Amino acid sequence: MGDIARSALGGAWTVLVGWLLPTALNVSVFVVAVWPSLRRTGWPAKLWSSDVTPLSVGVLAVSVLLGLALNALQNPLYRVLEGYALWPSALASYGCARRRQAKQDLQDRIALLRLERQERDGLLAPDDTARLTALRANRRIARAARKDRRRTAVQRALLRERLARFPVDEAQLAPTTLGNAIRRFEEYGYDRFRLDTQVIWNELTGSAPEQVRRQVDLARANVDFFVALLYGHCAVVLCAAVALTAAHPDVPLLLTAIAVPGLLIPVWYRAAVSATDEWSAAVRALVNTTRKPLAESLGLLLPDDLASERKMWALVSKVSRLPHHERAAGLDTFRAKPPESSPERAEGAL
């Protein structure tokens with residue numbers, strides 16, 4: 001009973017922090033900055049003059065309802081920001097091309113710093129001389145390198161952090177920065193072990209230790225918080241723009257409600273991208289520590305060598321994703337053998 005209560009409270013906490021709290025902040029901004037211009041005309045005036053529900057209770061109720069609605073709609077909300085939904089194909093292709101170029105530029109900048117360091121230490125291999133010359137001849141990379149050389153070692157390490165927010169496989173690149181930051185850990189299990197976490201996510205989390213599963217939920221709640229703030233600020237900006245057409249708008253206050261949230265929207269987007277680092281680490285820990293419990297729960301034995309393990313997880317992913325095929329019999333090699341009954345037990349059973 002205690003485990004059930006802790007699980008329920010943990011789920012409620014992630015919803016509270018990830019969706020209800022930012023929604024309450026957005027509703028409060030709307031009430032303070034936009035509502036005064038709407039309350040003077042039409043149905044808002046009638047609702048404002050009603051004494052049935054105090055304003056604070058109304059704000060709380062609306063915040064809870066909207067927060068729960070956003071929580072239920074989180075998958076499509078994320079897909080829009082990742083570039084998977086409502087993006088024209090031409091725009092999505094353009095975004096992927098830009099992200100591919102950005103990844104290549106980061107790789108080249110890091111390589112240039114490494115080769116120049118080897119050149120200073122006299123450790124530059126002859127085969128790398130041509131590459132160093134080519135990187136220096138690239139105007140875009142050379143321009144960025146001039147700034148990189150003035151950075152400290154810690155600041156240069158941030159380049160690798162930015163590069164780590166891209167998926168390893170370029171075929172998995174998404175049109176947006178947030179999409180790639182999320183896609184990198186969605187492909188982690190498949191890239192390392194051929195374990196498609198997108199297909200068997202429920203089995204994986206069901207076999208994970210409570211602490212590891214909790215870390216994943218809390219890490220995602222941090223990203224949810226900034227995503228909810230972002231969408232809420234977009235709604236506040238749109239409502240403030242509409243309120244400018246009201247009969248007696250408070251123009252300075254409405255312009256402030258448009259300008260300030262509008263400037264904060266890219267800030268929340270970048271904060272969401274940065275928050276995916278902890279989410280990525282949590283998913284990585286989930287995959288690394290739960291493969292053996294997952295195999296046991298599926299009636300399989302985890303092979304001793306990595307090549308066989310990758311083969312096993314590839315078959316498990318295909319069995320879960322595709323209709324049955326004779327090739328699925330390849331999993332028989334990895335099945336756990338049932339314990340043989342002893343003669344005494346067999347005789348007793350007869």
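Computed from a predicted model, the values in this text were never measured in an experiment.
With values rounded to the nearest 0.5 angstrom, Leu113 atom CG is found 7.0 Å from Leu159 atom CG. Residue Leu25 holds its CG atom at 6.0 Å from CZ of Phe225, rounded to the nearest 0.5 Å. To the nearest 0.5 Å, the span separating OG on Ser274 from CD on Glu161 amounts to 7.0 Å. In this structure, CH2 in Trp19 is found 8.5 Å from CG in Leu73, a value given to the nearest 0.5 Å.
Using a 4.0 Å cut-off between a side-chain N of Lys or Arg and a carboxylate O of Asp or Glu, Arg79 and Glu82 do not qualify as a salt bridge. A salt bridge is defined here as a Lys NZ or Arg NE, NH1 or NH2 lying under 4.0 Å from an Asp or Glu carboxylate O, and Arg131 with Asp128 fails to meet this definition. Looking at Arg214 and Asp217, no side-chain N of the basic residue comes within less than 4.0 Å of a carboxylate O on the acidic one, giving no salt bridge. Looking at Arg156 and Asp148, no side-chain N of the basic residue comes within less than 4.0 Å of a carboxylate O on the acidic one, giving no salt bridge.
Residues Arg165 and Thr177 are not in side-chain contact: their nearest non-hydrogen atoms beyond the backbone lie 4.5 Å or more apart. Annotation: side chain of Val260 is in contact with side chain of Leu264 (closest heavy-atom distance under 4.5 Å). Counting heavy atoms from C-beta on, the side chains of Leu286 and Leu204 come closer than 4.5 Å. Counting only heavy atoms from C-beta outward, the side chains of Arg183 and Val168 never approach each other to under 4.5 Å. The closest side-chain heavy-atom distance from Leu68 to Val15 is below 4.5 Å. At least one side-chain heavy atom of Leu306 sits less than 4.5 Å from a side-chain heavy atom of Phe193. A 4.5 Å side-chain heavy-atom check between Tyr78 and Ile182 finds at least one atom pair inside the cut-off. A heavy-atom distance below 4.5 Å is found between the side chains of Arg184 and Thr276.
Under the rule for a ring pair (Phe, Tyr, Trp, His ring centres under 6.0 Å), Phe166 has no partner lying at least two apart in sequence or in another chain. The ring pair (Phe, Tyr, Trp, His ring centres under 6.0 Å) test applied to Trp313 returns no partner, not counting sequence neighbours.
The 12-atom threshold is exceeded at CZ of Arg136, counting heavy atoms of other residues, nucleotides or ligands nearer than 6.0 Å. Within a 6.0 Å sphere centred on NZ of Lys103, other residues, nucleotides and ligands contribute more than 12 heavy atoms.
Between the side chains of Asp305 and Ser308, at least one donor N or O lies within less than 3.5 Å of an accepting N or O. Of the N and O atoms on the side chains of Gln104 and Arg99, not one donor lies less than 3.5 Å from an acceptor on the other residue. Asp121 and Gln118 share no side-chain donor-acceptor pair at under 3.5 Å.
Using cut-offs of 30° and 60° on the angle between ring planes, the pair Trp279 and Phe185 is tilted.
The other members of the hydrophobic cluster of Leu132, by chain and number, are Leu112, Leu115, Leu124, Leu135, Ile141 (side-chain heavy atoms under 4.5 Å, ILVMFWY only).
Both Val80 and Leu70 are assigned to one and the same hydrophobic cluster, defined by single-linkage of ILVMFWY side chains at heavy-atom distances under 4.5 Å. No continuous path of hydrophobic side-chain contacts links Val29 to Leu253 [ILVMFWY only; heavy atoms under 4.5 Å]. Leu158 and Val273 are assigned to two separate hydrophobic clusters, defined by single-linkage of ILVMFWY side chains at heavy-atom distances under 4.5 Å.
No donor-acceptor pair closer than 3.5 Å links the side chain of Asn71 to the backbone N or O of Gly67.
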